[in-house]
Q: 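Got a structure here, written out as structure tokens. Questions coming.
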Amino acid sequence: MSEILQSTENIIANTTGSAIGSTVQPGNVASNLFQVLETISYWKIFVTILCLGLVYDQISYKIKKGSIAGPNYKIWPVIGPFLESLDPKFEEYKAKWDSGPLSCVSIFHKFVIIASTRDLARKILQSPKYVKPCVVDVAIKILRPSNWVFLDGKEHTDYRKSLNGLFTQQALSQYLPSQEKVMDKYIEKFVEYSAKNDYKPQIFFHEMREIMCALSLKAFCGDYITEDQIRKVADDYYLVTAALELVNFPIIIPYTKTWYGKRVADMTMKIFEGCAQMAKDNAAKGIQPVCVLDAWCKLIHDSKTSNDEDSKFMHREFSNREMSEAIFTFLFASQDASSSLCCWLFQIMADRPDVLNKIREEQLAIRNNDPKVPLSLELIDQMKYTTMVVKETLRYRPPVLMVPYVVKQNFPVAPNYTAPKGSMLIPTLYPALHDPEVYENPDEFIPDRWVEGSPASEAKKNWLVFGSGSHVCLGQKYVMMTFAGLIGKFALETNWEHKVTPLSETIKVFATIFPKDDLFLTFKRRDPLTGEIEA
Ligand code: HEM
């Protein structure tokens, strides 16, 4: 550094010296300058630029940080806490949320602001004028640029209107029979899998991901998708999750994570394209919908003879490719979050036999003691206690901790702070769901806190599990119905045990959150009426 300063001083001394001591000869100055430049090696120039860059990086960070919480300067110049972000820890996130309503970090050139109060989170989620969802660069390549999820503003709102009809209670009830078949199959599968291991507890993390994938694919594509295709997608889907991690290389290089992820996404969308065509053919024959693709084709068909406000969004051709891309976003949005909920729900139920017994009582009562009564909208509507359990699991262990957004224009997010354009702004969902003012003993699992009229059930503003505003989760009703049906059936027909380890209650962050020990379970068949467990 001192050599560089020396060289710079040399230039100044040489040029000014000649100017003062003699008549300025432009030729002399140029040749002096040339001589001095000759003495500066490339590495000195490089180091100078690097130092200036580092200073700029720190100053720019300080200006953007303003008065909000966060390190006073970037401890690791340029990269910031990049290495920590490769292996995110729940405790580190929590420490950040506790550090202030708004806090910040800077990773490489990205300035990241974290909002940790309920009201700030809601304000951000409901300000589409200032923010839009932030996606990793590679997501656009994997999900394809033409995908509807990348639309913004009015275009996005209009497109959503064409999809909302696929997830109404009425539409969802049509998918239940196919979903119930998947549940029956996996009850069998989980018991067999446990039997093969002499009913000793074993890791069920992968099995939970698989059942979630199978349930979604059946709901979305019905019988158009074959068992082999379901198995293939379920087996390979984790490659898409890995490719879309927040920190990933933005260019797709063969045989890297992103390359494998894109291959699986393309393969899956190809399957969905075929399914879309079959759904269109069936719709033309007037066959009743049993899956999302059928329901979509029917909405398009019915809209031709309807003039209501929402039908106009269906008055156009939806290509097989476009439909396949949308179905892929449903799978993408659902897979990790649903798997997270599934793991916690099965773990907690095994650890809380008092709660599980109440579910069993309710499930038999609403079926009038006939366990063979199939799932239906009416039946699920009566699952009051079971639904409270699902809701409490979502509150206690919300699968999505934070939702990254990007600032489109300077955003006065708080009276004393404006989020600069281009920064990442992350509303957090966890703190609102563990707010002791609304949820007494927030770190305890208490399903009864959700009885009608209770403070928890009245505090709608705190219920941020599915986000809020124009991008609020499209699948939230689907989640509540599917999980009430699923846990109800498993509770009646199986008995499962959980091996508690020191890591069972530790939260592992992998896109969403999971028990850190990957969930040790074992399943046995159970007589739904007598409760007898089969050997
Ligand atoms: C436990 C399960 C789930 C949780 C916790 C969850 C949570 C979320 C959250 C927090 C968002 C972002 C909302 C925002 O930005 O305000 C979201 C968006 C979304 N979710 Fe879910 N989700 C779940 C399951 C599903 C399922 C099963 C589907 C589809 C069937 C789905 C479809 C979507 C879609 C399409 C979006 C983006 C909506 C848009 O940009 O307009 N999600 N979800």
Side-chain angles (χ1 to χ4, degrees), residues 115 118 121-128 131-135 139 143 147-169 171-172 175 179 208-209 211-221 272 291-293 295-296 325-345 387 390-406 424-430 432-433 463-487 511-514:
R118 176 196 72 181
R122 292 181 66 82
K123 182 171 180 181
I124 296 163
L125 294 169
Q126 294 175 4
S127 298
V131 293
K132 62 175 183 182
C134 175
V135 283
L143 302 179
N147 203 311
W148 78 279
V149 272
F150 302 123
L151 296 176
D152 187 30
K154 185 168 169 357
E155 276 186 309
H156 168 262
T157 315
D158 286 352
Y159 203 102
R160 273 246 359 194
K161 285 186 185 150
S162 66
L163 300 177
N164 287 340
L166 308 175
F167 293 97
T168 58
Q169 279 208 330
L172 293 171
Y175 319 148
Q179 287 186 291
M208 293 302 171
R209 289 183 74 84
I211 184 177
M212 285 299 108
C213 195
L215 272 171
S216 300
L217 290 173
K218 261 295 184 231
F220 302 158
C221 303
F272 293 163
C291 65
V292 169
L293 279 169
W296 198 343
E325 287 172 5
I327 295 289
F328 191 78
T329 63
F330 303 160
L331 181 65
F332 164 66
S334 90
Q335 181 58 12
D336 293 311
S338 300
S339 304
S340 161
L341 171 59
C342 199
C343 285
W344 291 111
L345 189 56
T387 303
V390 175
K391 212 164 173 187
E392 178 64 352
T393 311
L394 283 165
R395 183 203 68 80
Y396 178 66
R397 292 286 182 255
V400 181
L401 300 175
M402 311 186 255
V403 195
Y405 273 70
V406 64
M424 201 194 269
L425 188 52
I426 309 188
T428 55
L429 312 183
Y430 186 96
L433 294 159
W463 183 248
L464 286 179
V465 166
F466 296 106
S468 173
S470 55
H471 290 275
V472 69
C473 178
L474 188 59
Q476 51 183 308
K477 282 200 190 94
Y478 169 98
V479 171
M480 298 311 292
M481 280 176 66
T482 305
F483 276 90
L486 176 77
I487 201 70
T512 52
I513 59 170
F514 295 92

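Please read these numbers as outputs of a predicted model, since none were measured by experiment. Just so you know, ligand 1 is whichever comes first in the structure, and atom 1 is the first atom listed for that ligand. Side chains are part of it too, since the values below use all heavy atoms of this structure and drop only hydrogens, waters and symmetry mates.
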Q: When you measure from the side chain of Ser340 to the backbone N and O of Asp336, does any donor-acceptor pair fall under 3.5 Å?
A: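 A pair under 3.5 Å: no.
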Q: Give the residue, atom name and distance (to 0.1 Å) of the protein heavy atom nearest atom 27 (C) of ligand 1.
A: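 So the nearest neighbour among protein heavy atoms is Ser334 CB, 3.0 Å.
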Q: Do me a favour and list the nearest non-hydrogen protein atom to atom 7 (C) of ligand 1 with residue, atom name and distance?
A: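 Protein heavy atom with the smallest distance to atom 7 (C) of ligand 1: Val465 O, 3.7 Å.
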Q: What protein heavy atom sits nearest atom 6 (C) of ligand 1, and how far off is it?
A: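 Nearest protein contact, heavy atoms only, for atom 6 (C) of ligand 1 is Phe466 CD2, 3.7 Å.
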Q: When you compare the side chain of Trp344 with that of Leu394, does any pair of heavy atoms fall below 4.5 Å?
A: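 Side chain of Leu394 against side chain of Trp344, heavy atoms only: no contact under 4.5 Å found.
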Q: Any idea which atoms of ligand 1 are less than 4.0 Å away from a heavy-atom of Tyr478?
A: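 Numbered from 1, ligand 1 contributes 27 (C).
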Q: Before you tell me yes or no, could you show the steps for Phe167 and Leu172 under side chain to side chain contact (heavy atoms under 4.5 Å, CB included), namely the whole-Å CA-CA distance, both residues' side-chain angles and the distance that decides it to 0.1 Å?
A: CA-CA 6 Å; Phe167 293 97; Leu172 293 171; 4.0 Å; yes
Q: Short list, please: which atoms of ligand 1 are under 4.0 Å from a heavy atom of Phe220?
A: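 Those atoms are 30 (C).
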Q: Please find the pair of heavy atoms, one from Phe483 and one from Val390, that lie closest to each other, and give the distance.
A: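 It is CB-CG1, 3.9 Å.
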Q: Please report the shortest heavy-atom distance between Pro404 and Ile426, naming the atom on each side.
A: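 For Pro404 and Ile426, the tightest heavy-atom pair comes out as CA-CG1, 4.1 Å.
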Q: For ligand 1, which atoms, with element, lie under 4.0 Å from some heavy atom of Arg160?
A: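 Listed by number with element: 38 (C), 39 (C), 41 (O).
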Q: What protein heavy atom sits nearest atom 22 (N) of ligand 1, and how far off is it?
A: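 Protein heavy atom with the smallest distance to atom 22 (N) of ligand 1: Cys473 SG, 3.1 Å.
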Q: Just jot down the ligand 1 atoms closer than 4.0 angstrom to any heavy atom of Val403, in number order.
A: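 So the answer, numbered in order with elements, is 15 (O).
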Q: Going from NE2 on His471 to CG on Asp152, what distance comes out if it is rounded to the nearest 0.5 angstrom?
A: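 Answer rounded to 0.5 Å: 6.0 Å.
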Q: One residue to check: Ser468. Relative to ligand 1, which of side chain, backbone, both or neither has a non-hydrogen atom less than 4.0 Å away?
A: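 Only the backbone of Ser468 comes within reach of ligand 1.
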Q: Write out the residue and atom name of the closest protein heavy atom to atom 24 (C) of ligand 1, then the distance separating them to 0.1 Å.
A: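 That would be Val479 CG2, 3.5 Å.
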Q: Taking distance alone, with no angle check, do His156 and ligand 1 share an N/O pair under 3.5 Å?
A: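 In this structure, His156 places an N or O atom under 3.5 Å from an N or O of ligand 1.
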Q: Can you check whether His471 has an N/O within less than 3.5 Å of an N/O in ligand 1?
A: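 Among all N and O atoms of His471, at least one is under 3.5 Å from an N or O of ligand 1.
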Q: Is the contact between Gln476 and ligand 1 made by the side chain, the backbone, both, or neither, using heavy atoms and a 4.0 Å cut-off?
A: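 Gln476 to ligand 1: no contact under 4.0 Å from either part.
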Q: Under 4.5 Å between any side-chain heavy atoms of Leu341 and Met212, yes or no?
A: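 Side chain of Leu341 against side chain of Met212, heavy atoms only: no contact under 4.5 Å found.
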Q: In terms of atom number and element, which parts of ligand 1 are under 4.0 angstrom from non-hydrogen atoms of Leu125?
A: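 What qualifies from ligand 1 is 16 (O).
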Q: Begin from the C-alpha positions of Phe514 and Met208 and carry the test side chain to side chain contact (heavy atoms under 4.5 Å, CB included) through to its verdict.
A: CA-CA 11 Å; Phe514 295 92; Met208 293 302 171; over 6 Å; no
Q: Measure the CD1-CG distance between Ile327 and Leu293 for me, rounded to the nearest 0.5 Å.
A: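 Reported to 0.5 Å precision, the distance equals 4.0 Å.
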Q: Nearest non-hydrogen contact with atom 2 (C) of ligand 1 belongs to which option: Ser339, Ala337, Ala326?
A: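 When every heavy atom of Ser339, Ala337, Ala326 is considered, Ala337 comes closest to atom 2 (C) of ligand 1.
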Q: Quick test: of every protein heavy atom, which one is nearest to atom 30 (C) of ligand 1, and how far off is it to 0.1 Å?
A: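 Nearest neighbour among protein heavy atoms for atom 30 (C) of ligand 1, to 0.1 Å: Phe167 CE2, 3.4 Å.
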Q: Would you mind listing which atoms of ligand 1 come within a distance below 4.0 Å of any non-hydrogen atom of Tyr405?
A: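 Per the distance check, 14 (C), 15 (O), 16 (O).
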Q: For Trp148, state whether at least one heavy atom is located under 4.0 Å from any atom of ligand 1.
A: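 The answer is yes: ligand 1 sits under 4.0 Å from a heavy atom of Trp148.
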Q: Roughly how far, to the nearest 0.5 Å, is CZ of Phe272 from CZ of Phe330?
A: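 CZ of Phe272 is found 10.5 Å from CZ of Phe330.
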Q: For Trp148 and His156, take the angle between the two ring planes, folded into 0 to 90°, and tell me which bin it lands in: parallel under 30, tilted 30 to 60, perpendicular over 60.
A: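 Parallel, since the angle between the ring planes stays under 30°.
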Q: Leu486 and Cys342: which non-hydrogen atoms are nearest, and at how many Å?
A: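 Closest pair (atom of Leu486, atom of Cys342, distance): CD2-SG, 4.3 Å.
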Q: What's the shortest distance from atom 34 (C) of ligand 1 to any protein heavy atom, and which residue and atom give it?
A: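 Here the closest protein heavy atom is Ala333 CB, 3.7 Å.
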